[in-house]
**Student:** 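First, the structure itself, so that you have it in front of you.
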Amino acid sequence: MQRVLVIGSPGAGKSTFARELARRTDLPLTHLDAEYWRPGWVRPRAAEWEVKMRGLIAADAWILDGNYTSTVPLRAARADTVVVLDYPRTLCLYRAVRRAIFNRRPDTLDLGKEPLNLEFLRFIWRFPAVQRRQLAGLGATPHLNVVRLRSDAQAQAWLAALSTA
């Protein structure tokens, strides 16, 4: 395991999980939110984001934490492992709302208060359909080890197994 994607719904706990994975594996960690967003939560141009992503995946070893569906196929082509946090949408909604209200991000972004609006909440609610499409696409990538975790307990058990392997 040298190039790992950690993907899932907003609020699933990708950054927290990825930080622990990096600690256990000594792989360098990049939080994609920190690379993507500009101050004030302004999005970059699509071409600029793709160039940045190509630079990130060119490294020999990494953990990339973040969903960004438009670049999952690009990242998956270079990754050897994808960890999918497939958590209940109600849990993801709760965590995303809590994070925005208390301005607590595990990836320590300094972009100002994270926006919390109906569009973002709808995206989380509809995310399971997005994730089903992602999983279907990842399944068609034969070199990938796809790890699907559905709870914090499964995630902790998987991480613990890494330490004993």
Side-chain angles (χ1 to χ4, degrees), residues 1-37 49-50 52-100 102-111 114 120 123-124 127-128 130-165:
M1 195 167 56
Q2 291 296 304
R3 291 178 301 280
V4 184
L5 300 181
V6 177
I7 63 175
S9 174
K14 295 179 299 294
S15 295
T16 300
F17 177 88
R19 198 172 51 248
E20 182 61 20
L21 179 61
R23 187 185 72 74
R24 291 174 187 248
T25 61
D26 289 326
L27 292 171
L29 170 60
T30 300
H31 296 289
L32 293 182
D33 280 348
E35 299 295 324
Y36 182 82
W37 294 105
W49 177 234
E50 185 175 336
K52 180 168 268 196
M53 188 57 59
R54 288 186 185 281
L56 291 171
I57 64 173
D60 290 333
W62 40 257
I63 296 171
L64 297 179
D65 147 43
N67 206 55
Y68 297 96
T69 56
S70 67
T71 61
V72 167
L74 177 67
R75 289 179 280 146
R78 181 95 170 100
D80 54 50
T81 305
V82 178
V83 178
V84 181
L85 299 184
D86 188 8
Y87 286 14
R89 65 176 109 190
T90 52
L91 177 63
C92 295
L93 280 167
Y94 169 76
R95 287 178 173 175
V97 168
R98 183 182 65 190
R99 180 179 71 200
F102 294 108
N103 203 28
R104 292 188 189 144
R105 291 193 57 97
D107 46 14
T108 62
L109 290 178
D110 188 22
L111 299 170
E114 184 174 19
F120 182 57
F123 177 74
I124 295 171
F127 193 81
V130 171
Q131 191 146 295
R132 280 192 297 277
R133 288 191 301 274
Q134 282 181 336
L135 286 169
L138 293 173
T141 310
H143 73 279
L144 274 178
N145 176 29
V146 178
V147 178
R148 190 173 180 182
L149 304 171
R150 296 176 185 257
S151 69
D152 288 339
Q154 282 185 353
Q156 291 307 313
W158 188 81
L159 288 166
L162 288 179
S163 299
T164 60

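Just so it is clear, the structure is predicted and the values come from calculations on it, not from any experiment. We use all heavy atoms of the structure for the numbers below, so side chains are in, but hydrogens, waters and symmetry mates are not. Starting from 1, each residue takes its place in the sequence as its number.
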**Student:** Closer than 4.0 angstrom, basic N to acidic O: yes or no for Arg95 and Asp152?
**Tutor:** yes
**Student:** State, yes or no, whether a side-chain contact exists between Phe120 and Pro10 at a heavy-atom distance under 4.5 Å.
**Tutor:**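 Sidechains of Pro10 and Phe120: in contact.
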**Student:** Under the 3.5 angstrom rule, does the side chain of His143 hit a backbone N or O of Arg78 as a donor-acceptor pair?
**Tutor:** no
**Student:** Could you grab the distance from atom NE2 of His31 to atom NZ of Lys14, nearest 0.5 Å is fine?
**Tutor:** 11.5 Å
**Student:** Indicate yes or no for a side-chain donor-acceptor contact from Arg3 to the backbone of Asp60 under 3.5 Å, with no hydrogens or angles considered.
**Tutor:**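 Present.
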**Student:** Rounded to the nearest 0.5 Å, what's the gap from CZ on Arg89 to CD1 on Ile124? Could you check?
**Tutor:** 11.5 Å
**Student:** Please check: side-chain N/O of Arg150 versus main-chain N/O of Asp86, any donor-acceptor pairing under 3.5 Å?
**Tutor:** no
**Student:** Classify the ring geometry between Tyr36 and Trp49 as parallel (under 30°), tilted (30 to 60°) or perpendicular (over 60°).
**Tutor:**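 If you compare the ring of Tyr36 with that of Trp49, the planes turn out perpendicular.
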**Student:** Measure across Tyr87 and Ser151 and return the closest heavy-atom pair with its distance rounded to 0.1 Å.
**Tutor:** OH-O, 3.0 Å
**Student:** Ignoring hydrogens and angles, tell me if any N or O in the side chain of Arg98 forms a donor-acceptor pair with the backbone of Gly11 under 3.5 Å.
**Tutor:**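 Not at all, since once roles are kept as given, no pair shorter than 3.5 Å links the two residues.
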**Student:** To the nearest 0.5 Å, tell me how far Ile63 CD1 sits from Thr30 OG1.
**Tutor:**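 Rounded to the nearest 0.5 Å, the CD1-OG1 separation comes to 9.0 Å.
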**Student:** Applying the side-chain contact (heavy atoms from CB on, under 4.5 Å) criterion to Asp65, which one of Leu5, Leu32, Leu21, Leu29 satisfies it?
**Tutor:** Leu29
**Student:** If you look at every heavy atom in Gln134 and Ile7, which pair is closest and at what distance?
**Tutor:** OE1-CD1, 3.8 Å
**Student:** Could you measure the distance from the CZ atom of Arg24 to the CH2 atom of Trp158? Nearest 0.5 Å is fine.
**Tutor:** 10.0 Å
**Student:** Sub-3.5 Å donor-acceptor pair from the side chain of Arg75 to the main-chain atoms of Tyr68, do we have one?
**Tutor:** yes
**Student:** How far apart are the closest heavy atoms of Ala76 and Leu138, and which atoms are they?
**Tutor:**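 Of all heavy-atom pairs spanning Ala76 and Leu138, the closest is CB-CD2, 3.6 Å.
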**Student:** So if I apply the side-chain contact (heavy atoms from CB on, under 4.5 Å) rule between Leu64 and each of Val4, Thr71, Val6, Ile57, which one comes out positive?
**Tutor:** Ile57
**Student:** Measure the OG-CD distance between Ser9 and Gln131 for me, rounded to the nearest 0.5 Å.
**Tutor:**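 Atom-to-atom, Ser9:OG and Gln131:CD are 7.5 Å apart.
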**Student:** Grab the two heavy atoms, one from Gln2 and one from Leu27, that are nearest each other, plus how far apart they are.
**Tutor:**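 Looking at all heavy atoms of both residues, the shortest contact is O-CD2, 3.7 Å.
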**Student:** Indicate the atoms forming the closest heavy-atom contact of Ala61 with Pro28, along with that distance.
**Tutor:**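 The pair with the smallest heavy-atom distance is O-CG, 3.3 Å.
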**Student:** Once you round to the nearest 0.5 Å, how far does CD of Gln156 lie from CZ of Phe17?
**Tutor:** 8.0 Å
**Student:** Please report the closest heavy-atom contact between Leu162 and Met1, naming both atoms and the distance.
**Tutor:** CD2-CE, 3.8 Å
